[in-house]
Amino acid sequence: MARENDASAPGRADTPTADGILAATVREQAPGAADIPLVARIAAGEAPREVFTVLALEQHQIITADRGSFRHLARRADGDPPVAAFFEAVAEGESMALGALSGLEETCGLDADALREHEPRAGCQAYPSYVARLALEAEPADVVIALTANFAARGGCCATVAHALRSRYGFPDAACAFFDFFAEPAAELAVLAQAAVRHGLDASRVTPRLAHRYGRLLQEYELMFWTALAE
């Protein structure tokens, strides 16, 4: 079956560019201020501290799952080095995030037994489940676009939470490290994303319509995560 492709033919004035596709997807899928009520409550210091314990428990499983999915995407893109490089970097970032999460786990009094025995919430784990689906069947270059939009939206949430943990809840820096990690724009990752999407366009392996769909669903699952935490 021929793969559908929405990209314009080379040489036309309306041919999409990597920068244009990434910028448009990030802009179109940025969440509104009212989309994540729990983050607003955290920013105001109104969320119960127990929320952060559940967040640490759920994120431990999410990061582990996502890292495996990104490694699988890197293997699937083995013949496309720029695309594989993006997913290798993202997988390595998940390892770093898991290390940063340990500060929050310790502050919340979580040990290895608590992490192992935690029964996850379906709403929180919908995101990594969908990432695993994309890892199995989606075109890797399209996933690069979707993830770039989602990471940009997540960065704003994490910056808000990191500030609130210090100013509203009195958490130590070590407990905020996980949110600090995602709050900072990753310039190197942005360069890798541009190279990956550029390669995908050159190889006719980018379908903007599908990439947009993947990004939209990732963002909706991200919102579902925050909603499930508040339950």
Side-chain angles (χ1 to χ4, degrees), residues 26-67 90 93-112 114-115 118-128 130-131 146-190 215-231:
V26 169
R27 182 176 60 253
E28 292 168 7
Q29 298 186 9
D35 289 341
I36 314 178
L38 178 58
V39 173
R41 290 176 61 202
I42 292 173
E46 298 172 354
R49 295 175 71 91
E50 291 76 14
V51 163
F52 306 114
T53 300
V54 179
L55 187 151
L57 290 164
E58 295 290 342
Q59 280 292 345
H60 191 93
Q61 296 195 24
I62 291 170
I63 294 170
T64 303
D66 283 351
R67 181 173 57 183
V90 173
E94 294 298 301
S95 293
M96 296 171 64
L98 192 61
L101 184 64
S102 64
L104 181 62
E105 294 166 354
E106 292 173 5
T107 299
C108 293
L110 300 173
D111 57 17
L115 294 171
H118 173 65
E119 289 297 327
R121 300 182 180 185
C124 290
Q125 298 300 319
Y127 179 99
Y130 186 63
V131 172
L147 285 172
T148 299
N150 177 249
F151 290 167
R154 181 185 302 173
C157 291
C158 287
T160 298
V161 173
H163 178 74
L165 284 180
R166 291 182 171 94
S167 63
R168 299 289 189 178
Y169 295 89
F171 276 36
D173 287 342
C176 305
F178 171 78
F179 302 99
D180 291 338
F181 178 80
F182 285 110
E184 292 295 328
E188 180 181 351
L189 193 61
R216 175 181 60 79
L217 287 170
L218 281 175
Q219 189 56 30
E220 291 181 7
Y221 289 130
E222 180 93 20
L223 298 177
M224 189 182 296
F225 166 81
W226 293 102
T227 299
L229 280 182
E231 294 176 349

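Position 1 is the first residue of the sequence, and the numbers go up from there.
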When rounded to the nearest 0.5 angstrom, what is the spacing between [atom1] in [X] and [atom2] in [Y]?
X	Y	atom1	atom2	answer
Leu55	Phe225	CG	CZ	4.0 Å
Leu115	Gln59	CG	CD	12.5 Å
Met224	Gln219	CE	CD	11.5 Å
Glu184	Asp180	CD	CG	7.0 Å
Arg121	Leu229	CZ	CG	6.5 Å
Glu46	Arg168	CD	CZ	8.0 Å

### Task
Any chance you could lay out the salt bridge (Lys or Arg N to Asp or Glu O under 4.0 Å) test for Arg154 and Glu222, step after step, and finish with the verdict?
CA-CA 8 Å; Arg154 181 185 302 173; Glu222 180 93 20; 3.3 Å; yes

For [X] versus [Y], what's the shortest heavy-atom pair and its separation?
X	Y	value
Ile62	Cys124	CD1-O, 3.5 Å
Phe178	Ala97	CD1-O, 3.6 Å
Gly215	Gln29	C-OE1, 2.8 Å
Ala47	Leu38	CB-CD1, 4.0 Å
Ile42	Ala164	O-CB, 3.3 Å

### Message
Has Ser102 got a side-chain atom pairing as donor or acceptor with Leu98's backbone, closer than 3.5 angstrom?
### Response
no

### Message
Looking at His163, I'd like to know if its NE2 atom is crowded, meaning that more than 12 non-hydrogen atoms belonging to other residues, nucleotides or ligands lie closer than 6.0 Å.
### Response
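At most 12 heavy atoms, drawn from other residues, nucleotides or ligands, come within 6.0 Å of this atom.
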
#### Entry: Name of the residue among Phe171, Phe179, Tyr169, Phe182 meeting side-chain contact (heavy atoms from CB on, under 4.5 Å) with Val161
Phe179

### Task
Verify whether one side chain among His60 and Glu105 offers a donor that lies under 3.5 Å from an acceptor in the other.
yes

